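Structure, as structure tokens:
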2 protein chains.
Amino acid sequence: MEEILPTFDSAFSIDCLIFGFDAGELKILLIERNEEPFKDWLALPGYFVKQDESLDDAADRILYELTGLRDLPMKQFHTFGEVNRHPQGRVITVGYYALIRINGQKELRPISPYARKAIWRSVNDLPKLAFDHSEIFRKGFGIIRKRLNYQPLAFDLLPEKFTLTQLQGLYEAILNKKLDKRNFRKKMLSYGFLKELVEKQKGVSYRAAKLYKFDRRKYLKIFQSEMTA
Amino acid sequence: MEEILPTFDSAFSIDCLIFGFDAGELKILLIERNEEPFKDWLALPGYFVKQDESLDDAADRILYELTGLRDLPMKQFHTFGEVNRHPQGRVITVGYYALIRINGQKELRPISPYARKAIWRSVNDLPKLAFDHSEIFRKGFGIIRKRLNYQPLAFDLLPEKFTLTQLQGLYEAILNKKLDKRNFRKKMLSYGFLKELVEKQKGVSYRAAKLYKFDRRKYLKIFQSEMTA
DNA sequence: ATATAAGGTGTGAAAATTACACCATTAAAT
DNA sequence: ATTTAATGGTGTAATTTTCACACCTTATAT
């Protein structure tokens with residue numbers, strides 16, 4: 001993707017860490033590179049920032065061009081600026097992340113020829129990635145793991161309606177440890193931002209679980225009053 | 001300081017948020033600019049990253065050139081990339097912060113002609129700063145305030161030997177609220193990383209308080225065992 | 001001696017966290 | 001019809017943490 005470096009001596013880029021949750025596993029979105037360097041390697045979706053776009057705008061555009069995904073609520077987490085992190089010149093890259101629902105997401109379809117395709121890979125089964133992307137992943141995943149404890153990140157990964165068991169499975173996948181069922185449910189419900197639905201799970205060969213929705217308005221109310229207190 | 005922009009179309013810079021604590025007040029280190037744009041304005045110490053230096057190295061060099069301070073343990077907190085944040089071209093800047101002891105610090109003496117002088121200003125009495133530096137300050141200060149709750153930032157701001165009242169005053173200055181004396185002392189001591197000295201405060205016209213030291217080795221032991229648990 | 005200014009200390013109530021085990025419900029298989 | 005397999009759903013007691021709150025002590029200056 002970097003076969004032609006910009007004419008200036010150094011450049012900015014964006015690399016995106018897009019997390020999804022499917023079949024009880026935490027996954028990350030990678031692209032298969034179609035250009036040197038690192039042709040055929042897996043890499044984080046990333047590319048150069050243009051002269052006249054902000055970092056946030058660039059992140060949106062780049063992710064779209066490489067994966068077909070659009071308008072995700074991405075946030076910056078760290079900037080990587082080692083001198084030799086890119087083999088073809090000085091490139092400083094800003095890491096962004098987002099957590100999204102895999103299912104119901106429209107098909108992944110790179111627009112740019114720099115990516116042959118975009119695929120989901122389990123975070124527990126990652127190969128060595130192009131450039132310093134393995135390090136970028138480690139850093140970002142560590143940050144997100146910490147944020148999970150005080151930000152409602154998990155709900156972005158689940159379908160709109162979910163069971164408490166699904167929610168717990170997701171926490172366990174991110175934190176990489178088992179949680180106590182009763183304590184988990186008690187605590188989650190005590191926050192008051194989960195809305196119990198009448199509807200139940202369907203198509204399971206065992207007792208169907210209640211479905212819940214995340215009520216972002218209530219969450220914000222609770223969160224904001226804590227801030228001002 | 002930017003009178004001659006680099007020849008490429010865009011550039012990286014570093015801006016530093018250096019906090020100190022003196023006379024019960026939290027302060028920040030500013031420079032008085034000696035060049036257009038924003039000549040004579042106060043600004044955060046900041047300048048361009050060179051082609052062949054990492055961001056971390058650049059931060060050290062730039063802070064030294066503008067203030068005479070060297071080898072502070074600075075950390076990155078956010079990258080600012082709005083298109084028009086700099087009036088003379090596209091400049092993306094990485095924000096770094098450090099917390100240091102003001103007293104015993106050698107004299108502030110800019111090496112570079114871009115800074116006329118470097119001064120400490122109370123965070124409660126900041127004028128409008130050059131560029132988007134007021135915004136960078138707000139963002140960085142907010143992040144540090146949050147980190148104070150789970151990282152031992154405060155000890156970097158105090159002299160090596162300090163009293164519990166000084167420590168509490170510092171927490172109050174950063175968090176901008178009063179804390180309960182008994183609860184604060186109980187909690188701090190319960191962590192077990194404060195080493196009580198035989199030595200007492202001197203030169204005060206009232207009962208001298210015990211002095212304490214922060215024991216970083218013990219802190220790390222406690223912190224690491226929590227991580228692995 | 002006395003006035004001043006900060007140093008230093010403990011307890012009880014409330015809230016949050018942790019550990020822990022069994023019956024209920026559903027669909028599929030027999 | 002019965003059994004089986006798989007998950008759903010629930011409560012309590014012990015412990016720990018947090019919070020609110022007031023008075024005597026000590027060193028110095030006068």
Side-chain angles (χ1 to χ4, degrees), chain A residues 21-25 146 148-150 152 158-159 161-173 175 177-213 219 222-223 225-229, chain B residues 21 23-25 146 148-150 158-159 161-173 175-213 222-223 225-229:
Chain A
F21 185 61
D22 187 34
E25 278 200 314
K146 282 181 196 154
L148 183 70
N149 289 313
Y150 46 92
L158 292 173
K161 302 169 183 182
F162 53 85
T163 69
L164 290 178
T165 300
Q166 287 169 342
L167 184 61
Q168 182 176 345
L170 173 53
Y171 270 77
E172 289 177 343
L175 300 176
K177 65 177 176 193
K178 295 292 286 178
L179 301 172
D180 178 85
K181 183 161 70 161
R182 276 175 295 188
N183 291 338
F184 180 82
R185 295 162 96 94
K186 202 192 319 173
K187 186 157 182 188
M188 273 298 155
L189 293 172
S190 77
Y191 289 134
F193 53 60
L194 291 186
K195 191 171 172 183
E196 184 179 325
L197 304 179
V198 184
E199 205 177 337
K200 295 201 169 172
Q201 212 177 11
K202 272 171 194 158
V204 289
S205 76
Y206 46 80
R207 176 174 174 184
K210 278 182 205 158
L211 290 170
Y212 291 82
K213 259 188 178 173
Y219 169 79
I222 295 162
F223 187 70
S225 64
E226 264 182 22
M227 290 280 96
T228 52
Chain B
F21 184 60
E25 277 200 314
K146 281 181 198 157
L148 184 70
N149 289 315
Y150 46 92
L158 293 173
K161 301 169 183 182
F162 52 85
T163 69
L164 291 178
T165 300
Q166 286 169 343
L167 183 62
Q168 182 176 344
L170 173 54
Y171 269 78
E172 289 177 341
L175 300 176
N176 201 26
K177 65 177 175 192
K178 294 292 286 178
L179 301 173
D180 178 85
K181 183 162 66 160
R182 279 175 293 187
N183 291 337
F184 180 82
R185 296 162 95 94
K186 203 189 324 172
K187 186 156 182 188
M188 273 298 155
L189 293 174
S190 77
Y191 289 133
F193 53 59
L194 292 185
K195 189 172 173 181
E196 185 179 326
L197 304 179
V198 184
E199 205 178 337
K200 295 203 168 171
Q201 213 176 11
K202 271 172 196 157
V204 290
S205 73
Y206 46 80
R207 176 176 175 184
K210 279 181 205 157
L211 289 170
Y212 291 82
K213 258 189 180 171
I222 295 162
F223 187 69
S225 65
E226 266 183 21
M227 291 279 97
T228 53

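Values below: every heavy atom of this structure, side chains too, minus hydrogens, waters and symmetry copies. Fair warning: this is a prediction, and the values are worked out from it, not measured in the lab.
- Along DNA chain C, the stretch of nucleotides lying under 4.0 Å from any heavy atom of chain B spans, 5' to 3', dA5(C) to dT11(C).
- The separation between K202(A) atom NZ and dG8(D) atom C1' is 18 Å, rounded to whole Å.
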Under 3.5 Å, sequence neighbours excluded: what are the donor-acceptor pairs made by side chains of residues 189-212 of chain B?
residue, atom, partner, partner atom, Å
S190(B), OG, K187(B), O, 2.6
E199(B), OE1, K161(B), NZ, 2.7
Q201(B), OE1, A209(B), N, 3.0

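- Summarising the geometry, the separation between CG on L179(B) and C1' on dC21(D) is reported as 15 Å, rounded to the nearest angstrom.
- Nearest heavy-atom pair, F21(B) versus G169(B), reported as atom, atom and distance to 0.1 Å: CZ-C, 4.0 Å.
- Residues L179(B) and K177(B) are in side-chain contact: their nearest non-hydrogen atoms beyond the backbone lie under 4.5 Å apart.
- With sequence neighbours excluded, the residues satisfying side-chain contact (heavy atoms from CB on, under 4.5 Å) with K181(B) are Q168(B), R185(B).
- With sequence neighbours excluded, the residues forming a side chain to side chain donor-acceptor pair (under 3.5 Å) with N183(A) are D180(A), K186(A), listed by chain and number.
- Rounded to a whole Å, the CD atom of Q201(A) is 12 Å from the C1' atom of dA6(D).
- At a non-hydrogen distance threshold of 4.0 Å, R182(A), N183(A), K186(A), K187(A) from residues 181-190 of chain A come into contact with DNA chain C.
- Judged by distance alone, the side chain of E25(A) and the main-chain N or O of D22(A) form no donor-acceptor pair under 3.5 Å.
- Taking the six-membered ring for Trp and thresholds of 30 and 60 degrees, Y150(A) and Y150(B) have ring planes inclined between 30 and 60 degrees apart.
- Among all heavy-atom pairs drawn from G24(B) and A173(B), the shortest one is O-CB, 4.2 Å.
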Problem - Pair pattern of DNA chain D in dot-bracket, where unpaired bases get dots and | marks partners in another strand, Watson-Crick or G-U under 3.5 angstrom - result: ||||||||||||||||||||||||||||||
Polar atom pairs between nucleotides 24-27 of chain D and protein, under 3.5 Å, N or O only, would you list them?
residue, atom, partner, partner atom, Å
dT25(D), O2, R207(B), NH1, 2.8

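- Side-chain contact between E172(A) and K178(A) is present, with at least one heavy-atom pair separated by less than 4.5 Å.
- Listed by chain and number, the residues in a ring pair (Phe, Tyr, Trp, His ring centres under 6.0 Å) with F162(B) are F155(B) (sequence neighbours excluded).
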